[in-house]
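Beneath this line is the structure, given in structure tokens, with notes to follow.
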Number of protein chains: 4
Amino acid sequence: MTDALIHPINQKLVGVIGAGTEATSTNERAHEVGQRLARAGCSIICGGLEGVMREVARGFREALSDAPHDRHQIVVGILPSNLTEDGNPHLDLAIATGLGVARNSVIVNSAKVYIAVGGGFGTLSEIAYALRLGKTVIGLDSWDVHEEIIKVDSPKAAVDAALRALSN
Amino acid sequence: MTDALIHPINQKLVGVIGAGTEATSTNERAHEVGQRLARAGCSIICGGLEGVMREVARGFREALSDAPHDRHQIVVGILPSNLTEDGNPHLDLAIATGLGVARNSVIVNSAKVYIAVGGGFGTLSEIAYALRLGKTVIGLDSWDVHEEIIKVDSPKAAVDAALRALSN
Amino acid sequence: MTDALIHPINQKLVGVIGAGTEATSTNERAHEVGQRLARAGCSIICGGLEGVMREVARGFREALSDAPHDRHQIVVGILPSNLTEDGNPHLDLAIATGLGVARNSVIVNSAKVYIAVGGGFGTLSEIAYALRLGKTVIGLDSWDVHEEIIKVDSPKAAVDAALRALSN
Amino acid sequence: MTDALIHPINQKLVGVIGAGTEATSTNERAHEVGQRLARAGCSIICGGLEGVMREVARGFREALSDAPHDRHQIVVGILPSNLTEDGNPHLDLAIATGLGVARNSVIVNSAKVYIAVGGGFGTLSEIAYALRLGKTVIGLDSWDVHEEIIKVDSPKAAVDAALRALSN
């Protein structure tokens with residue numbers, strides 16, 4: 001029995017990685033990614049802080065509040081500090097690691113596919129870890145450092161690529 | 001706005017800590033703790049492996065399958081390996097940390113109250129971390145190493161003490 | 001070829017664990033432990049901060065400055081923060097982990113024997129990890145939670161027990 | 001008093017990052033980097049495994065064995081496993097973290113300058129972390145992902161750039 005069958009939330013879990021301080025246009029794209037993942041029945045794992053991490057969670061929760069949905073659709077934030085209060089207010093579940101930036105390597109293990117939206121050096125470390133593990137990495141206005149990154153130019157294309165990877 | 005108001009799953013999250021290899025009687029007590037937490041509307045964070053961690057998750061999911069319940073009631077396992085497949089099959093969400101036993105310090109940050117059921121040296125490390133953070137620690141047939149540990153003698157008493165701590 | 005033969009510093013490495021805030025008498029005992037380990041040709045791994053961690057390093061460096069010694073005798077501090085400046089000034093080498101208290105599990109892997117001097121909850125977590133790994137644990141006015149801990153009543157007895165464990 | 005004054009080994013510590021499996025020419029360059037750092041009076045922090053990590057340590061120890069040197073010149077390996085035996089045999093000190101790849105974030109905190117030699121995805125994660133912390137990063141046949149990386153074309157140029165960064 002594979003993991004996809006046994007842990008219901010992991011089954012449709014998508015990672016969204018990106019920086020805590022981003023341009024308005026990048027944050028808007030993260031917000032749309034969150035909305036689209038919600039409507040597609042997915043859950044999200046992210047870093048739980050501000051910027052891209054906040055906007056993707058906000059979009060996710062807004063879209064779910066409009067519609068009937070699976071009880072197993074949640075947005076989880078993996079925080080660097082040991083205080084759940086440091087998570088942005090749109091998370092369903094805050095996992096406070098207390099690990100500082102070492103939490104970046106924790107984020108990339110639990111989903112099968114990751115969407116990078118914009119991104120600073122922290123995002124680059126996450127992309128590197130995800131590629132190392134053979135995860136599918138989708139880049140939306142993000143680091144273009146390796147041919148295995150699937151480059152897309154819209155939130156819709158990012159979520160479509162993520163759904164294809166989940167169903168493989 | 002406190003965390004209790006903003007992250008719905010953390011609001012009623014209870015940690016359950018215990019060993020991967022335990023006597024049958026200890027595992028049965030963990031199973032009943034899981035059932036009682038489910039019926040009380042709580043979510044669970046645990047280490048995600050075998051023994052106490054498996055039985056508490058199994059009891060939780062069994063009790064939920066019988067009854068209507070809140071969409072935000074889940075059981076989460078925080079795994080030492082970087083493979084979600086290593087989580088027991090009763091978890092709703094497996095967070096694969098890749099940190100080895102250092103994941104013990106991750107488990108104790110995100111809930112307000114922890115129930116220790118039996119336990120080996122790993123459990124002792126988790127109790128130490130939880131006490132250090134000022135968490136409520138409830139011991140059921142577990143390490144009796146400090147006066148701040150609330151000692152109880154049944155799964156019912158453990159869950160009752162946990163619910164009192166959550167409502168404070 | 002065993003590790004004892006290949007990594008010269010690990011060969012005579014002793015861990016010293018204890019709290020950052022301790023009574024004067026406990027700190028004085030840590031200071032003497034450091035002096036005695038230096039004169040016995042050992043190196044030290046510790047948590048690198050104040051209290052017991054500072055005094056053991058201070059005693060170590062003082063004793064070495066008086067006498068000819070092996071070039072491979074050093075005192076290493078494994079820090080919770082990501083800044084080497086946070087280490088006490090008596091360390092030869094500060095390893096800044098950035099992991100917060102999760103660094104407690106890092107301290108206990110690299111030596112074969114650990115001396116606990118006094119200690120709070122952090123020390124208890126380290127004792128638990130060390131026992132889990134089958135390390136020799138020597139307690140000087142420390143947690144008395146398991147029969148495998150070798151209880152001693154003086155810095156001399158602690159260092160003698162450590163030297164016996166190293167030579168086994 | 002700055003760290004540079006108080007922790008003697010950190011004062012001239014250089015990080016060398018690179019992959020465990022590399023082409024012969026890359027390993028030869030790592031070997032020469034190790035030799036040159038030894039002769040320049042530096043210490044080394046690295047990942048402690050095979051490939052670049054082994055060759056830089058081997059070159060370092062070979063060069064030191066030929067010549068009088070400071071007692072505080074050592075090569076330290078920060079290992080992913082919790083067993084010091086997993087370190088290559090040329091390390092003076094093996095720190096076994098037990099953290100898996102999360103140890104990559106530990107390596108980059110304790111030195112002021114890092115030389116990347118070749119490199120896979122793990123090296124890319126380390127470069128990202130080091131840039132995030134404002135460390136000097138020197139690339140020798142390595143990832144060319146950001147303008148802040150100082151690109152060099154020989155081991156001599158790499159070590160010269162590292163020495164300049166240390167003296168700033």
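Chain A is the first sequence line, chain B the second, and so forth, proteins listed ahead of strands; every chain is numbered from 1.
Between chain D and the options Thr123(A), Val101(A), Val145(A), Leu99(A), the largest number of non-hydrogen pairs under 4.5 Å is found for Val101(A).
The minimum heavy-atom distance between Ala128(A) and Ser125(D), with the atom names listed, is CB-N, 3.6 Å. Between Asn104(D) and Tyr129(A), the shortest heavy-atom contact is CB-OH, 3.4 Å.
Annotation: ring pair (Phe, Tyr, Trp, His ring centres under 6.0 Å) contacts involving residues 144-167 of chain D, sequence neighbours excluded, comprise Phe121(A)-His146(D).
Few gaps surround NZ on Lys135(A); more than 12 heavy atoms of other groups in view lie less than 6.0 Å from it.
To the nearest 0.5 Å, atom CD1 of residue Ile127(D) and atom CG of residue Leu124(A) are 8.5 Å apart.
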